[in-house]
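Take a look at the structure below.
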Amino acid sequence: MLRTSVKSRLQAVYAQKKFVPLILSPICMSYLDELNESQRIAVEHIYGPSMVIAGAGSGKTRVLTFRIAYMIEQGIDPFNIMALTFTNKAAREMTERIGKITGASEAKNITMGTFHSVFSRILRYNADRLGFPSNFTIYDTQDSKSLIKDIIKEFALDDKTYKASGVLNRISAAKNNLISAEAYCNNDEIQGEDRMSRRPEIGRIYLQYANRCQKAGAMDFDDLLYFTNVLLTEHPDVLHYYQQKFKYILVDEYQDTNFAQYLIVKKLAAAYENLCVVGDDAQSIYSFRGANIENILNFRKDYPDFHLFKLEQNYRSTQTIVDAANSVIQRNQDQIKKVVWTENGKGKPISVVRTLTDNEEGRVIAGKIFEVQEALGSSYNDFAILYRTNKQSRSFEEALRKLNIPYKIYGGLSFYQRKEIKDVLAYFRLAANPRDEEALKRVINYPKRGIGKTSVENLIISAGRNGVSMWEVLCDFTAYPTDVSTSTRQKMHEFTVMVQSFQAELNKVDAYTLAERIVKSSGILAELHQDKDKGPEEMERIQNVEELLAGLLEFTKGAEEDELKTLSDFLMDVALLTDADQEKTEEKNHVSLMTIHSSKGLEFPYVYIVGMEENLFPSQLSTSSRTELEEERRLFYVAITRAMLSCTLSYAGTRFLWNQSLKSEPSRFLNEIDAQYLQLESPARSLGGKSLMGGGMDRSFTGGLNTKMNPPVIPKSFKSLQDVSAQRPSNQGNFDQIMVGTNVEHSRFGKGRVTKIEGAGADKKAVIFFPHHGSKTVLLQFANLKVI
DNA sequence: GCGACTTCCATTTTT
DNA sequence: TGGAAGTCGC
């Protein structure tokens with residue numbers, strides 16, 4: 001409290017004079033001390049263009065957080081800072097952490113979020129300039145595909161050559177490279193490509209798609225970037241405004257930005273060039289989404305006088321894990337050379353587990369997690385199972401459930417993608433923007449009100465013929481003649497009146513009140529209640545809708561005084577939320593299951609990378625070119641470097657796919673890890689004689705499948721004891737002696753005194769105060785402390 | 001217009 | 001396997 005008022009007075013001073021506020025330095029010192037030399041230099045360099053290349057686990061987030069906090073402490077107005085992150089969750093966490101240093105009221109004024117969410121806000125504000133309503137809808141991928149399907153049908157094209165997803169990918173790639181539909185049709189090279197793939201009509205579909213989106217008052221994900229660029233290019237006054245507003249720009253995960261994002265950032269930063277980008281080329285894993293590694297490499301061209309900072313010390317993982325990951329990534333040709341190193345302890349080797357089937361893989365990994373957890377008393381939060389594709393989660397789910405181990409699957413079908421939620425949201429969307437055609441199509445006959453497919457098709461035809469949206473036709477059949485019967489027309493009219501009544505209340509009542517009304521009077525709730533006795537899934541649907549309403553209530557309560565949080569405020573970025581964003585306060589205790597992609601930026605003491613098989617990882621679709629394969633390899637690098645203490649790789653001999661067992665070969669990546677870091681394991685099986693895996697000597701995985709050797713028969717219980725003892729650090733004996741008040745000596749920081757103990761087992765941590773280095777938190781496992 | 005039925009087809013990652 | 005699209009009879 002006190003600090004805020006002192007600060008605000010100081011800030012009034014800064015506003016007039018531009019000098020470094022020495023008075024605040026003591027506050028800064030406290031956290032700057034927690035940084036190593038290169039981190040601190042990167043934090044303190046706040047003017048001009050700079051690039052931070054941050055190796056895995058090198059404290060990148062911490063540098064970003066402290067840098068922003070430092071900027072604010074230096075008197076920079078938070079309103080002038082824009083920080084673009086990769087997920088909303090990352091943005092939220094960073095705001096929170098900055099708030100702890102500078103005070104929450106300062107932190108909340110920073111413009112922070114994903115490219116998509118920050119730009120969607122800018123677009124809403126300036127929508128009129130682009131001919132969109134300010135409450136435009138954001139189409140998600142499903143909406144986009146459904147619209148494209150309609151267009152393909154309308155053009156009477158063969159839906160086998162023109163698949164919605166393929167066409168959408170093509171359009172998406174164009175937008176990410178800022179190519180308009182017109183430019184697409186006039187570009188010879190692109191047209192040539194489309195003729196080659198025998199889909200010459202994609203350009204025409206793109207034109208129509210853009211047209212329909214515009215009429216519906218809707219933007220898709222890519223439009224949020226595409227139109228931001230249009231806005232800034234065609235309206236110099238708008239560009240000027242945002243250049244002045246965002247004098248300081250930070251971009252996280254720069255290696256995963258695409259051309260559109262690159263250009264927008266470049267434009268916004270052009271006036272002041274206070275631009276800081278942070279990234280790691282070795283972790284670029286989104287090129288399929290248009291991400292362009294070149295952006296990192298080109299930075300020096302755009303800003304020749306930029307400063308480069310490299311963070312190479314890894315604080316996350318054991319020596320073995322860091323070295324193994326390095327040995328993998330070294331095989332890539334395209335990379336910025338850097339040496340990631342660590343002072344952490346050596347740790348145990350990466351174990352490689354082979355199982356006969358994918359189901360057995362699930363059981364073995366679940367069993368291992370169970371054993372480690374039992375033996376060390378770790379929290380289940382410490383474990384993660386990472387896979388290449390979402391559908392691999394099944395065998396692990398089953399096995400974990402059988403062992404009563406709590407787990408959570410991230411990604412996959414998110415809450416907002418569930419049918420019942422999308423249905424409700426479609427009504428919400430219509431209330432905010434009745435021209436939203438995808439929402440309209442979705443619920444015009446749900447719950448059933450006798451408006452069939454043919455009638456809807458005729459409605460679309462009439463809208464197309466008259467060059468208006470479906471909603472406008474619905475509102476005025478006399479102006480737009482439509483081929484539907486009088487009785488259907490009457491039903492449509494009733495529907496229209498209902499939506500209009502929702503629309504009328506949009507800005508009069510709060511989000512929750514309107515939402516509740518919609519759910520009731522649309523008949524959705526009644527419909528769901530009718531089916532609730534059919535089974536648990538039907539019951540769950542009602543619960544999900546209730547959860548959505550509960551979320552809305554919370555949202556509505558979050559309003560400031562005199563503020564009305566409307567349903568359209570709520571809808572603003574619902575389309576941009578992901579499962580990870582939904583995560584409630586960290587009261588969890590569960591094993592995390594997720595794709596490697598969604599594990600980016602996270603870390604876990606125990607990591608299991610599963611499905612290490614050819615054609616699965618690397619994916620079958622990515623083995624045809626070097627660049628694709630290198631991306632898969634970076635993905636593998638990301639996976640390994642999530643692990644702090646222990647990393648386990650597993651693969652199965654056969655995998656059950658499309659109702660048949662398919663033989664699978666071990667992944668080539670297994671052979672790419674320097675063998676000195678590996679330890680092969682043959683899981684003991686209850687069924688004797690079936691194991692094909694040799695002892696620890698066979699290093700060649702590709703040949704290993706058919707090598708018959710007699711495995712040493714180790715009873716399961718004994719085996720598990722062995723495993724666990726291997727995890728126990730050698731200096732375990734020291735652990736118990738270390739408590740609050742113990743004087744210790746650290747190899748790097750010298751003598752110090754323990755002020756706090758956290759965690760248990762392998763995770764036991766000590767906060768130690770070193771006279772010359774300040775307070776440090778160390779993992780006892782790694783720290784190699786001497787008790788004095 | 002609607003629901004029950006059959007058939008077909010998948011196979012990557014996500015804001 | 002399982003979800004989506006197409007077919008058929010009311």
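Here is how names work: the chains are called A, B, and so on, in the same order as the sequence lines, proteins then strands, and each is numbered from 1.
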Name the closest nucleotide to the [X] side chain, picking from [options].
X	options	value
A:Thr114	B:dG1, B:dT15, B:dT13	B:dT15
A:Thr488	B:dG1, B:dA10, B:dT13	B:dG1
A:Thr454	B:dA10, B:dT13, B:dG1	B:dG1
A:Asn390	B:dG3, B:dT15, B:dT14	B:dT14
A:Asn445	B:dC9, B:dC2, B:dT13	B:dC2
A:Lys149	B:dT12, C:dA4, B:dT15	C:dA4
A:Phe221	B:dT14, B:dT12, B:dT15	B:dT15
A:Phe288	B:dC2, B:dT12, B:dT14	B:dT14
A:Thr141	C:dG2, B:dT15, B:dT14	B:dT15

Contact nearer the 5' end of DNA chain B, comparing A:Ile451 with A:Ser598: A:Ile451
A:Lys448 or A:His597, whichever maps to the more 5' nucleotide of DNA chain B: A:Lys448
In whole angstrom, what separates [X]'s [atom1] from [N]'s [atom2]?
X	N	atom1	atom2	value
A:Lys419	C:dA4	NZ	C1'	14 Å
A:Lys163	C:dA4	NZ	C1'	13 Å
A:Phe119	B:dT15	CZ	P	17 Å
A:Glu457	C:dA5	CD	C1'	13 Å
A:Ile285	B:dT14	CD1	P	9 Å
A:Met219	B:dT15	CE	C1'	16 Å

Nearest-angstrom distance, C1' atom, C:dA4 to B:dT13: 23 Å
Interatomic distance at C1', C:dA5 relative to B:dT12, whole Å: 23 Å
Testing the 3.5 Å rule here: is there a donor-acceptor pair between the side chains of [X] and [Y]?
X	Y	result
A:Thr137	A:Asn433	yes
A:Tyr254	A:Asp281	no
A:Thr488	A:Ser485	yes
A:Asn229	A:Lys267	yes

Residue whose nearest DNA chain C nucleotide is more 5′ - A:Arg394 or A:Lys153: A:Arg394
Presence of A:Thr595 side-chain N/O under 4.0 Å of B:dT14 phosphate oxygens OP1/OP2: yes
N or O in side chain of A:Lys491 less than 4.0 angstrom from B:dG1 OP1/OP2: no
Heavy atoms from other residues, nucleotides or ligands near CZ of A:Arg449 exceed 12 (cutoff 6.0 Å): yes
Worked check of salt bridge (charged side-chain N to carboxylate O under 4.0 Å, His left out) between A:Arg429 and A:Asp143: CA-CA 12 Å; A:Arg429 277 161 59 172; A:Asp143 296 321; 3.1 Å; yes
Sugar-phosphate only, base, or nothing, as touched by A:Lys160 at under 4.0 Å among non-hydrogen atoms: sugar-phosphate
Sugar-phosphate, base or nothing in reach of A:Tyr286, heavy atoms under 4.0 Å: sugar-phosphate
